Peer 1: 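Please see the structure below; I have some questions.
Just so we're clear, the structure is a prediction, and the values are computed from it rather than from any experiment.
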Amino acid sequence: MAEQPLLKDEADERAVLRRVLPHLRPHRARLGVALGVGLADSAALVAVAPLIGLATDSLLDGNRGGLGLAVGLLAALAIAQLVLARVGELLLIKGGESVVRTLREQAVENLATAPLRFLETHRSGELLRRATGEVAALAAFVRMHLRNLVSAVATLAFTLAVLVGYSWLLLLVQLAVFLPLTLLVTRWFQRDAASAFGGKASAEATVAATFSETLTAREALQTSRGLAGWTGRFDRENRHAVRAARRALRVENRIDLVSLIEGIALVLLLLVGGWLVTRDSVSIGTVVVFVLSSRNLFDSFADLSQLVGEAQTARTGLARLLDLLAATAPARTREPLAADLPARGDLRCGAVEFGYRAEGLDLHGLTLDFPRGSRTGVVGETGSGKTTLSKLLCGLYEPDGGSVTFAGTDLRDIPEEELRRRVVLVPQEVRLVSGTVADNLALVQGAPDRARIERTVEELGLREWLDDLPGGLDAEVGQRGGNLSAGERQILGVVRAVLADPAVLVLDEATADIDPVTAGRLEHALDELRADCTLVVIAHRPATIARLPRVVRLDRGRLVSDGPTDRVLPEGDPAGLRSAG
């Protein structure tokens, strides 16, 4: 089996910034300007303390000129900082939102083109959480916290630079108390942060996935009386999510110890600073600068300590999103074909092998030809590989061995848009969107107009079916097609496929579990397909198979018979259901 990338519950958070750099490059100019303005804002804030220190020394020395200069610069600085703060915040939010939008669009695009095997391997709720929930969390972080984070880091760096220039001894005393204890607390936080926040995100994703599956399977759970057991499972998962959230909160609260450390460091600064002033080692202005700058220093650490939990949450979400993008990145780009691919052609499986699991194959060396315009039925027991074959024929799966070709070209080498023009699958469960019948029939390439839709319905002999619907083309299908019967949804799916004018139409159990009248209408519509349209029908219904000139039978992923219907399916067993299941 071809190696299938799987998403881990707890994403790899190593080198997150390096991994996100390719997504930042298109926005580097905007982000660069925003960061530049933010740095200027932080520099203006840090410059306040030295100016107040200058004013203090000038006042004590009776230097009116120095005092006036300091006051004038402080006034200008206050205005400049007000402007820089507002502009910097707006620019940074806009730049961050642009990056988030890029990530969101990339996630949607990757999932839309991800291999079907990948989508079927993961729970839909987990994928939804990563593609929407994590992006929403990143957007919230950008709007509410990103500017504060940048400002805190820049203010901290500029403050340390200023204090070194005034008195390295006072700075050393202050850092000797503040830094080791703060780093110890921070290390204590970081030791458990990744597992705590990653576990919280994973538990919440599990709850979301189970809830999504509950909505999908609600009817089956109610009719089978399995709702109580399923609710118990959801309750257990929800309790686990609460425990994970509490653990993350306990880890985040460790950072609050930094406030106590700040108070101890400030007391020591005043004691040592006062002692140095009495020895004329530093001026009173210098002590004032240190007291005010210490406030910047502590506030920056406090902001960082408050933001570290939010930053870790954003980091975890970003890592989970980047893992999704990496796992769903296109393996290779399909290059344009050297020659134009014909609109019609033969479909062929050559020694195709495929397996869902690493320990074995589900299809064993199938070689089948579907000539242009041919009509073929595929039968076999449940689990014989019929549906798997249908997805391989449409290029939704890639074979692990052999090849599937259209007009002599491997499906893997045909651009996605060209492949979908030529080969169309109608699954057993037709997906509909809220709206009218006409809205759903127009969901094909080229968006056919009403006249073309009505003409196609007429050509397929389905006018009576359409007239029976209340409102005809304007009939509301309801949520997920709930206003239509299963058979009517299948007919709508077939009409939609025919509107795409494919070279090959594959139907997977299109007439299963529908009433005989609707099934008869559908079978008659298939008889009216264009003569050069290749039809492959997977079915159990005897009347459906009997209308086809050729039948292929599979058994446990192997081809056991291929030939005319009356020879492959013996008399008395017209659909081969006794042996085909």
Peer 1: Between Ile414 and Leu411, is any pair of side-chain heavy atoms under 4.5 Å apart?
Peer 2: yes
Peer 1: Examine the side chains of Ser195 and Asp192 and answer whether a donor and an acceptor come within less than 3.5 Å of each other.
Peer 2: no
Peer 1: With sequence neighbours left out, write down each residue that passes side chain to side chain contact (heavy atoms under 4.5 Å, CB included) with Val288, or none if nothing qualifies.
Peer 2: Ile52, Thr56, Ile284, Leu292
Peer 1: Exactly one of Thr155, Asp41, Leu35 should register a side chain to side chain contact (heavy atoms under 4.5 Å, CB included) with Val150. Which one does?
Peer 2: Leu35
Peer 1: Quick check for you: to the nearest 0.5 Å, what is the distance between Asn238 atom CG and Glu204 atom CD?
Peer 2: 10.0 Å
Peer 1: Is any side-chain heavy atom of Ser283 less than 4.5 Å from a side-chain heavy atom of Thr286?
Peer 2: yes
Peer 1: Can a salt bridge be assigned to the pair Arg101 and Glu97 using a cut-off of 4.0 Å between side-chain N and carboxylate O?
Peer 2: no
Peer 1: How would you list, by chain and number, every residue that makes a side chain to side chain contact (heavy atoms under 4.5 Å, CB included) with Arg243, sequence neighbours excluded?
Peer 2: Arg239, His240
Peer 1: Apply side chain to side chain donor-acceptor pair (under 3.5 Å) to Arg489 and list each qualifying residue two or more places apart in sequence or on a separate chain.
Peer 2: none
Peer 1: Which residues pass the side chain to side chain donor-acceptor pair (under 3.5 Å) test with Asn440, sequence neighbours left out?
Peer 2: none
Peer 1: Counting C-beta onward and ignoring hydrogens, is there a side-chain heavy-atom pair between Arg19 and Leu325 closer than 4.5 Å?
Peer 2: no
Peer 1: Kindly determine whether Gln106 and Leu321 satisfy side-chain contact (heavy atoms from CB on, under 4.5 Å), including the steps that lead there.
Peer 2: CA-CA 10 Å; Gln106 189 64 57; Leu321 181 58; over 6 Å; no
Peer 1: With rounding to the nearest 0.5 angstrom, report the CG to CG distance, Asp439 to Leu473.
Peer 2: 10.0 Å
Peer 1: Please find the pair of heavy atoms, one from Gly53 and one from Val289, that lie closest to each other, and give the distance.
Peer 2: CA-CG2, 3.6 Å
Peer 1: Check whether any side-chain heavy atom of Val437 lies under 4.5 Å from a side-chain heavy atom of Ile453, and answer yes or no.
Peer 2: no
Peer 1: OG of Ser293 to CG of Leu170: how many Å apart, nearest 0.5 Å?
Peer 2: 11.5 Å
Peer 1: Enumerate the side-chain hydrogen bond (donor to acceptor under 3.5 Å, both in side chains) contacts for residues 78-96, please, sequence neighbours excluded, ordered by first and then second residue.
Peer 2: none
Peer 1: Is any side-chain heavy atom of Leu54 less than 4.5 Å from a side-chain heavy atom of Leu73?
Peer 2: no
Peer 1: How far does CZ of Phe197 sit from CG of Leu249, to the nearest 0.5 angstrom?
Peer 2: 8.5 Å
Peer 1: Sequence neighbours left out, what pairs pass side-chain hydrogen bond (donor to acceptor under 3.5 Å, both in side chains) with at least one residue falling in residues 27-38?
Peer 2: His27-Thr102, Arg30-Ser98
Peer 1: Would the number of heavy atoms belonging to other residues, nucleotides or ligands and lying under 6.0 Å from CZ of Arg191 be above 12?
Peer 2: yes
